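Structure record follows, encoded as structure tokens.
Since we're looking at a predicted model, the values are computed, not measured.
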Amino acid sequence: MKAQILIAGLFFSGMISAQQITTDSTATKNIEAVTITKQVFKKESDRFVYDVANSPVAKGNTTFEILKQTPLLSSTDDKTLRIAGKNNALIFINGRKTNMDAESLAQFLKNTPAENIQKIEVITTPGSEYQVESSDGIINIILKKKMTDGTNGNLRMSNSQNKYNASSASASVNYRKDKLGISGNISTSDNIQAQDYTLRNRNGEYSNESTGSIDDPNKNLGGYINIDYQLNDNSNLALTWNSWANRSHDSRVDLFNISEGPNVETGLLEKRYTLSRNRENARSYNNSLNLNYELKTDTLGSKLNLNAAYLNYRRFQVTDNRTIFSDVFRNDLGLSKQTIQDLPQYINNFSGMVDYIKKFKNDFTVSVGGNYNKTKTDNDTKNDTYFVDPARPTKNEPNHFVYDENIYGAYLTLEKKLSEKFSGKVGARYEITNSLGTSDNSSNPAYAKIERNFNNFLPYLSLNYAINDKNNISYAFSSRMRRPSFWEINPVRNILTDDNYTQNDPFVKASSVYNQEMTYMFKNSYFLVVNHSFVKDQITQVPLQGIVQYANGQIGTKNELRYIRTNFGDRHELSAMLGLQKSFFKQYWSTNFNIGIQYNKNKGSLSMDPTTGDIFPTYENNISSTSLLIQMNNNIRLDKKKTWFLGVNGFYVDKQQIELGLLKDLMSLDLNLKKIWNSWTFAVDVRDVLRTNVVEIEDYQANGNYNYIKNDQFRRGVMVSLTYNFGNNKVKKVRDIESASDAIKNRTR
């Protein structure tokens with residue numbers, strides 16, 4: 001969005017969910033009835049499956065809320081989702097990635113009713129057949145599909161209140177006639193994302209402090225259409241269109257700044273007061289189209305998949321950043337300088353993918369395939385700075401940065417069931433990446449041509465052993481690349497204050513990531529996962545702080561803090577999570593509870609701004625930390641008729657070391673009351689009841705540098721929602737379809 005500090009993602013795990021089956025030990029000669037309780041959560045060979053359609057928590061919820069309550073999944077910022085032990089969770093819908101930027105995806109999931117979902121698959125360590133990067137895991141949302149001819153769907157409306165009021169509405173329809181199936185969703189929302197910031201930093205005799213607010217109004221409109229046609233008994237053709245539009249006009253940053261440093265003439269310490277008033281208008285459009293053809297080649301399940309996809313992303317962003325003279329009482333004493341930024345971005349991606357899965361009678365499967373991605377990003381930015389002082393000329397910094405990338409990939413995966421208890425999967429991907437970035441920025445000739453060509457061999461191994469019908473153990477290893485997101489390599493500066501900004505880096509290179517995971521499950525109710533990730537040349541945000549000369553002829557020096565996006569050393573993450581999911585008291589109380597520890601080890605240092613060559617005092621992060629992580633989700637049925645439900649959910653994340661410093665502990669308590677009446681569901685949610693989910697980061701350097709961030713996003717609030725389901729709700733499993741442009745989606749975030 002705008003010039004904000006990007007806070008590193010947090011880690012903690014979700015829980016296990018399953019159903020407890022009770023038996024009657026009384027001997028009887030006649031069986032009068034048999035009650036079958038279907039497993040809500042189970043482990044398959046390479047994934048965990050959460051059967052949402054058989055869970056009462058889906059009624060009246062949004063897709064985002066049901067994902068937060070899915071075992072192994074979590075969210076601390078109410079925007080992004082994480083899988084236990086993973087840096088990121090990629091969202092697939094019916095086997096296809098949703099090619100949306102992070103903000104659009106969050107709004108899409110929050111406006112899609114959970115009643116549309118059949119099941120959720122959590123793939124913690126994706127195999128070689130998946131085009132994923134880094135330590136990413138996959139969340140595959142399988143939507144419901146009609147079994148018989150006819151129409152069904154739902155309508156949902158909600159209104160929430162935290163600092164500001166917000167509203168949303170959505171409508172979903174599912175239609176089937178003979179061989180044709182069509183499903184669609186349209187949703188809209190209107191909200192203001194509010195934040196309060198406190199920023200402090202100091203360097204020797206110099207110090208800065210900024211306090212104030214950011215208000216970002218958003219209007220969203222989006223949805224999807226899925227069309228699936230059965231050509232004959234062995235082949236299907238599917239077309240999917242996803243679309244999302246966002247408008248954010250009059251977004252405001254209002255900060256009061258206090259800078260202290262020696263006077264250039266007297267040498268005595270003096271304080272300078274300024275106001276930062278930044279205004280932004282932005283619009284973004286995200287459209288993706290995927291065509292899929294599937295051919296079943298035998299009765300064992302062998303099939304050929306062909307995919308072609310196109311992604312178009314457009315963002316228009318204009319910012320007016322003003323620095324205003326002030327006094328200690330925050331009075332406006334006149335304009336000091338003004339920076340106008342025009343920051344458009346265009347992304348076009350064409351993708352193709354072919355997969356062939358051959359199944360043999362002896363439980364042996366061979367998967368082979370390849371993919372091609374061609375992406376072009378065009379960023380024609382303008383940065384003009386005007387000074388009130390006539391001695392300081394206008395500063396113009398245009399930069400037309402064009403980035404072309406071609407990725408060629410091929411994979412081979414072998415999967416074998418060696419016995420009734422033991423199965424294994426081994427595979428590898430080979431990827432070739434060719435990229436070229438060009439710029440007309442005359443102030444930095446190094447931008448003129450930035451070429452990257454590299455090849456990667458990425459092995460994968462997975463082993464699964466079912467000790468008996470109650471115990472299961474598995475191990476997985478994977479290696480991946482983490483290519484920079486397209487916004488990370490666009491060399492633009494996002495201004496927060498006159499002395500504080502974020503800077504992207506066109507020279508950033510891909511990281512190497514190695515993951516290992518050991519999983520143990522008992523009775524589908526108890527869960528232990530041990531995960532280790534090693535990241536080499538990780539891409540992150542580094543605070544560089546130091547004394548710089550004023551530019552454009554102004555006399556004096558100041559303390560400047562730059563948040564640079566670049567490669568920064570290596571990182572280890574080791575975690576162990578123990579989970580419990582059970583139902584008690586004849587299923588009146590269902591609980592997910594998870595507790596674990598995480599060990600973080602950072603090792604990196606940086607002294608030079610890679611975008612300008614400026615030298616700063618070295619920033620070092622060679623610190624480790626061990627953190628306690630707890631999460632709970634409780635669903636309590638309040639009546640025999642299963643119409644009233646109470647939800648009590650929460651999490652606690654202990655303090656831990658991240659790239660920007662020491663992240664202090666976070667916690668949240670959420671309450672939910674739900675009433676189901678025929679086809680209607682009424683719900684009231686209270687979020688962050690104790691108002692404890694506020695981010696604080698503090699960092700002390702050996703050279704005396706100090707940096708502090710406090711970010712309050714007003715997560716405490718109340719939401720009221722109403723959902724209506726109509727039509728015939730008989731469903732069947734949909735086809736899993738992976739989009740050809742899957743590898744691109746995450747990098748538009």
For [X] versus [Y], what's the shortest heavy-atom pair and its separation?
{"X": "Y164", "Y": "Q161", "answer": "C-NE2, 3.4 Å"}
{"X": "N281", "Y": "H249", "answer": "OD1-CA, 3.3 Å"}
{"X": "F714", "Y": "Q195", "answer": "CE1-C, 3.9 Å"}
{"X": "D51", "Y": "Q118", "answer": "OD1-O, 3.3 Å"}
{"X": "M577", "Y": "G596", "answer": "SD-CA, 3.6 Å"}
{"X": "Y313", "Y": "S284", "answer": "OH-CB, 4.2 Å"}

**Request:** Show your reasoning for whether side-chain hydrogen bond (donor to acceptor under 3.5 Å, both in side chains) applies to N220 and S189.
**Result:** CA-CA 5 Å; N220 299 288; S189 62; 3.1 Å; yes

Just how far is it from atom [atom1] of [X] to atom [atom2] of [Y], taken to the nearest 0.5 Å?
{"X": "S183", "Y": "Y175", "atom1": "OG", "atom2": "OH", "value": "13.5 Å"}
{"X": "N633", "Y": "E65", "atom1": "CG", "atom2": "CD", "value": "10.0 Å"}
{"X": "L496", "Y": "L255", "atom1": "CG", "atom2": "CG", "value": "5.5 Å"}
{"X": "F92", "Y": "I123", "atom1": "CZ", "atom2": "CD1", "value": "7.5 Å"}
{"X": "S590", "Y": "N634", "atom1": "OG", "atom2": "CG", "value": "9.0 Å"}
{"X": "S575", "Y": "L629", "atom1": "OG", "atom2": "CG", "value": "8.0 Å"}

Taking the side chain as C-beta and beyond, is there a heavy-atom pair between [X] and [Y] under 4.5 Å?
{"X": "V529", "Y": "T124", "value": "no"}
{"X": "I225", "Y": "T240", "value": "no"}
{"X": "T319", "Y": "N494", "value": "no"}
{"X": "Y652", "Y": "T692", "value": "no"}
{"X": "N649", "Y": "N635", "value": "no"}
{"X": "Q656", "Y": "L628", "value": "no"}
{"X": "N307", "Y": "N290", "value": "yes"}
{"X": "I227", "Y": "Y229", "value": "no"}

Would you say the side chains of [X] and [Y] form a donor-acceptor pair under 3.5 Å?
{"X": "N246", "Y": "N218", "answer": "yes"}
{"X": "Q317", "Y": "E280", "answer": "yes"}
{"X": "N185", "Y": "S172", "answer": "yes"}
{"X": "S213", "Y": "D254", "answer": "no"}
{"X": "N236", "Y": "D228", "answer": "yes"}
{"X": "D670", "Y": "N672", "answer": "no"}

**Residue pair R314, Q345: steps toward the side-chain contact (heavy atoms from CB on, under 4.5 Å) verdict** = CA-CA 6 Å; R314 294 174 295 153; Q345 184 174 55; over 6 Å; no

**Asked** Is the number of heavy atoms from other residues, nucleotides or ligands under 6.0 Å of K655 NZ greater than 12?
**Response**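 Atom NZ in K655 is not crowded, with 12 or fewer foreign heavy atoms closer than 6.0 Å.
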
**Item:** Neighbour count >12 (heavy atoms, 6.0 Å) for atom NZ, K642
**Value:**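 Open.
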
**Message:** Under a 3.5 Å distance rule, please check whether S721 uses its side chain to pair with a backbone N or O of M157 as donor and acceptor.
**Reply:**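 Judged by distance alone, no pair lies under 3.5 Å.
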
**Short side-chain to backbone donor-acceptor contact, R715 and D688, under 3.5 Å** =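 Pair absent, no side-chain N/O of R715 close to backbone of D688.
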
**Item:** Whether W589 and F584 hold their rings parallel, tilted or perpendicular, with breakpoints at 30° and 60°
**Value:**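 It falls in the tilted class, 30° to 60°.
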
**Asked** Is the Y285 ring parallel, tilted or perpendicular to the F316 ring (thresholds 30°, 60°)?
**Response**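 Judged by the thresholds at 30° and 60°, the geometry between Y285 and F316 is perpendicular.
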
**Request:** From the options I630, N594, L666, select the one residue that forms a side-chain contact (heavy atoms from CB on, under 4.5 Å) with F651.
**Result:**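 Among I630, N594, L666, the one that satisfies the side-chain contact (heavy atoms from CB on, under 4.5 Å) with F651 is L666.
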
**Request:** Start with the C-alpha distance between T643 and K675, add both sets of side-chain angles, then the distance that settles side-chain hydrogen bond (donor to acceptor under 3.5 Å, both in side chains), and finish with yes or no.
**Result:** CA-CA 5 Å; T643 63; K675 168 64 176 177; 3.2 Å; yes

**Message:** With side-chain contact (heavy atoms from CB on, under 4.5 Å) as the criterion, how do L221 and I186 come out once you've worked through the C-alpha distance, each side chain's angles and the decisive distance to 0.1 Å?
**Reply:** CA-CA 8 Å; L221 177 65; I186 185 170; 4.2 Å; yes

**Message:** One pair to check against side-chain contact (heavy atoms from CB on, under 4.5 Å): V695 and Q713. What are the steps and the verdict?
**Reply:** CA-CA 9 Å; V695 171; Q713 298 188 25; 5.7 Å; no

**Sidechain N-carboxylate O distance under 4.0 Å for R247, D190** =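 Here R247 does not pair with D190 in a salt bridge, since their nearest N and O are not under 4.0 Å apart.
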
**Asked** So, D712 and K710, do they make that salt bridge, N to O below 4.0 Å?
**Response**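 No salt bridge links D712 with K710.
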
**Request:** Could you walk me through whether V648 and M632 pass side-chain contact (heavy atoms from CB on, under 4.5 Å), step by step?
**Result:** CA-CA 8 Å; V648 182; M632 65 172 183; 4.2 Å; yes

